[in-house]
There are 2 protein chains.
Amino acid sequence: MTVESTMAKRHTSIIGGNACRNRSHNRRVVLDFVRANEPAGRAEIARSCGLSVQAVSNIIESLEHDGLLQADGHRLGARGKPALQYRFDPDRAFSVGVELRPDVAMCALINLSGEMIFWEQSELADASLSCAIEAVSNLVNRAISASGRDQKSWLGTGIVMPGPFGVSEISFAGGTSLPGWDNVDIRRVFSEALGCEVIVENDATAAAISERMSGVARGLDSFCFVYFGTGLGLGVISGGHAQGGAMGNAGEIGHVITASGGLSCACGNRGCLEMYASRASALRYLSDSGVAAANGNDLSALLRENSPVLSSWLDRAAEHLSRAIGMVENLLDPEAVILGGVMPEPIVAALVARLDLPRGSVSNRKDRTIARVLQGSSGRHTAAMGGAAMIVHQTITPSITVYS
Amino acid sequence: MTVESTMAKRHTSIIGGNACRNRSHNRRVVLDFVRANEPAGRAEIARSCGLSVQAVSNIIESLEHDGLLQADGHRLGARGKPALQYRFDPDRAFSVGVELRPDVAMCALINLSGEMIFWEQSELADASLSCAIEAVSNLVNRAISASGRDQKSWLGTGIVMPGPFGVSEISFAGGTSLPGWDNVDIRRVFSEALGCEVIVENDATAAAISERMSGVARGLDSFCFVYFGTGLGLGVISGGHAQGGAMGNAGEIGHVITASGGLSCACGNRGCLEMYASRASALRYLSDSGVAAANGNDLSALLRENSPVLSSWLDRAAEHLSRAIGMVENLLDPEAVILGGVMPEPIVAALVARLDLPRGSVSNRKDRTIARVLQGSSGRHTAAMGGAAMIVHQTITPSITVYS
DNA sequence: ATTTTTTACTCAAGTAACTTGAATTAAATA
DNA sequence: TATTTAATTCAAGTTACTTGAGTAAAAAAT
């Protein structure tokens, strides 16, 4: 299969700057600062962003004109003229995220703060491209009208799908990717169908970005998200930006080997993590032991009943996950590793509780302020919200990496 | 294991731009383009960098004035007025890199193209800070005078040391880090002692940057370097920049577990890669089998003699390395993984030849243009050269991440 | 109660570095 | 030899920044 990855490598040069691009950059810098430190006055912003007060004043005037910032009273209590404070107006614009799976499309509409304004999902008749396009269009249109938003303030749509793209061995193994979408420029197709800016990303990365915007990863600039989806994915955020790797396929943690000579996986390896710690592996383990379970609800029920079979699966899964998380820590040195996805939250909690992380890890430090592993906050909404969050992130966050 | 929500404060703000910073950025953009595509004319540069010809003309005038670019004849053969081509002048400036190990300091002086102009190493009487500072100062001064360079064109010095930093469990295990250097701001100490800009980096990352500037990774923007040093490290380059992780300790591949329940490692884990695939592990394996070997030369000699014991160590090491490289591929999706370091090159070659990489990897693609694993080119000079290369990289490469 | 200090902000002028469009140059081709 | 094509320069225009002087207003000092 030759899937044209939308994130394929291009031979590009880094682009130069000019006054106009500079202003665009500075707008983002100011917006990003206010969002993180609101309310904030001009002088404070100028000091933090390395700009003159006058420059900030001009930029704020333009942001206020666009409705992205609003004045919000004066700061009293300090010496000197009271600063006129500005706040970010999170409802001035919105974005939409859609998570596509072979059988279902899930849609989230969020504001600029990452709050979910609308949620809906719809079953897909089949996994064909045309069917998906129609379902996505319907969902998106309904989301916008139901939430009473103006199309004018629509920043774009993030489409979230299981990866990896362009790797036949893994894609077909276990059907983690969507079949029959070969040679499709997914970004362009959806951009044309929806008439808006579109970003395509895999579920784990989108989930990570969602957690950073409005979940447990708020304030973290380097962390990883282990996403329980159809398979198992890892979203990697480093320096505040998603790491895609050379072909956009970074984070394929499901096929990392945690048991040399272990269970055979369809990808050709033996002992892949996905064979031990994924929804499919849980269902398989239970059915092999004669326990009926078809979906997440069944798993939750078994957990409530203290099913010994589920418990032994949890033990084994936690053992393999611990090993994999140790690898991730040692290779990527994240501030924390977050667990979440479409797995029921009590199951994730049970896994987190059973983890026994390796001592020999760069993350095993005395001076930690947060736990090495955290549970994700947004449940099954995470990935779709993450798609939307990516659009917001792109709009607000400056892409320059110069720090003061 | 506790789960807690996080709300970390924002330490740094991204800085705004102005005309002056813009020019500085554009100078780097142009320099970076010419270095990668020389010789190049103004119009060509302008098209690629998204700038007007006039802007490029002005920037080139200034770069030429500073001696960083030189005109180099006209491009003939095409229609239209022949472009005046410019070349990068690699000998207009230089930088120095020093690799520090507990017993030795190695010094490389390179030009802007990454060519090694001077090399010298000196034994360290002990591993104390004062001893290291003196040795480094002497080495650096001798390097500059011996290569006949002007101090004025000295861009800075890269200090390379084994990591990780600040992780007691791993640092003290096997003595991979330098003892007694706790709580020292190494960068500041050396910057004051040498009177120049200083960067401190671990050996694996430095080696990776060196390979990118003047080795087998030329032209690659995302790749990893497995470095055989005192222990085993991984340098990660993504998007052309080194990935350090949250605490600068990313790439600690030596303590990734490749054999569940395997050999006990001093870090507290069992089955660490470093126990199977490192110089120390080879020497230990040989001595346990009654074969005398004390250093790299002995290993090379045993390889030439087709030592069966060494051969069986190679087989086992390659097996574990293959597994680890598979992990790295799946987690980071690099364009290639490079092997090198202070291990003798024939040994590295033998290891590469014995690798049996997992099929289930995102790197196992039909359309590959380079091998999944490459052997590093610069031998034991790599890390010191990498330190120097990091300084050059910082001077030349723009840190903005906007592509055309 | 008044003055002084301190800080935030605005106005107007000045400046750096970009873009644009017209003019110039020179090789390749007709 | 004339024409086409493309690179480069010149001069003018534009954007968005900085600087410095001036104004405003609250807190602190008198």
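Keep in mind that what you see is a predicted model, and the values were worked out from it rather than measured. Naming: A, B, ... by sequence-line order, numbering from 1 per chain.
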Of the listed C:dT29, D:dC17, C:dC9, the closest approach to the A:Leu51 side chain comes from D:dC17
Heavy atoms under 4.0 Å, any strand shown: does B:Arg21 hit a base, just sugar-phosphate, or nothing? nothing
Nearest whole Å is fine: how far is D:dT9 C1' from B:Arg42 CZ? 9 Å
Atom pairs and distances, donor-acceptor, side-chain atoms in residues 90-98 of chain A, under 3.5 Å, two or more places apart:
unit_1	atom_1	unit_2	atom_2	d
A:Asp91	OD1	A:Asn111	ND2	3.1
A:Asp91	OD1	A:Arg149	NH1	3.3
A:Asp91	OD1	A:Arg149	NH2	3.3
A:Ser95	OG	A:Ala388	O	2.7

Hey, is CD on B:Glu61 packed in by over 12 heavy atoms from elsewhere, all under 6.0 Å? no
B:Ser153 side chain vs B:Asp150 backbone, donor-acceptor pair below 3.5 Å: yes
How would you label the contact of B:Arg47 with the nucleic acid (heavy atoms, under 4.0 Å): base, sugar-phosphate, or nothing? sugar-phosphate
5'-most contact on DNA chain D (nearest-nucleotide basis), A:Ser24 vs B:Lys81, goes to B:Lys81
Counting only non-hydrogen atoms, which of residues 58-66 of chain A are less than 4.0 Å from DNA chain C? none
Which part of the nucleic acid, if any, lies within contact of B:Ser57, taking any heavy atom under 4.0 Å across all strands shown: a base, the sugar-phosphate backbone alone, or nothing? sugar-phosphate
Closest to the B:Arg23 side chain: C:dA17, C:dC9, C:dT7? C:dA17
Do other residues, nucleotides or ligands put more than 12 heavy atoms under 6.0 Å from B:Arg368 CZ? yes
Protein-nucleotide distance (A:Gln54, atom CD; D:dG22, atom P), rounded to Å: 16 Å
Nearest whole Å is fine: how far is C:dT4 C1' from A:Arg79 CZ? 8 Å
List the atom of A:Ser191, the atom of A:Cys196, and the distance in Å for their closest heavy-atom pair. OG-O, 2.9 Å
Donor-acceptor check, side chain of B:Gln394 to backbone of B:Ile391, threshold 3.5 angstrom: yes or no? no
For B:Ala55, answer base if it contacts any base atom (sugar-phosphate contacts may also be present), sugar-phosphate if it contacts only those atoms, and nothing otherwise; contact means non-hydrogen atoms under 4.0 Å. base
Consider the side chain of B:Ala43, meaning its heavy atoms from C-beta on, and name the nucleotide among D:dT8, C:dC9, C:dT29 that approaches it most closely. D:dT8
Side chain of A:Asn26 (C-beta onward), nearest among C:dC9, D:dC17, D:dA7: D:dC17
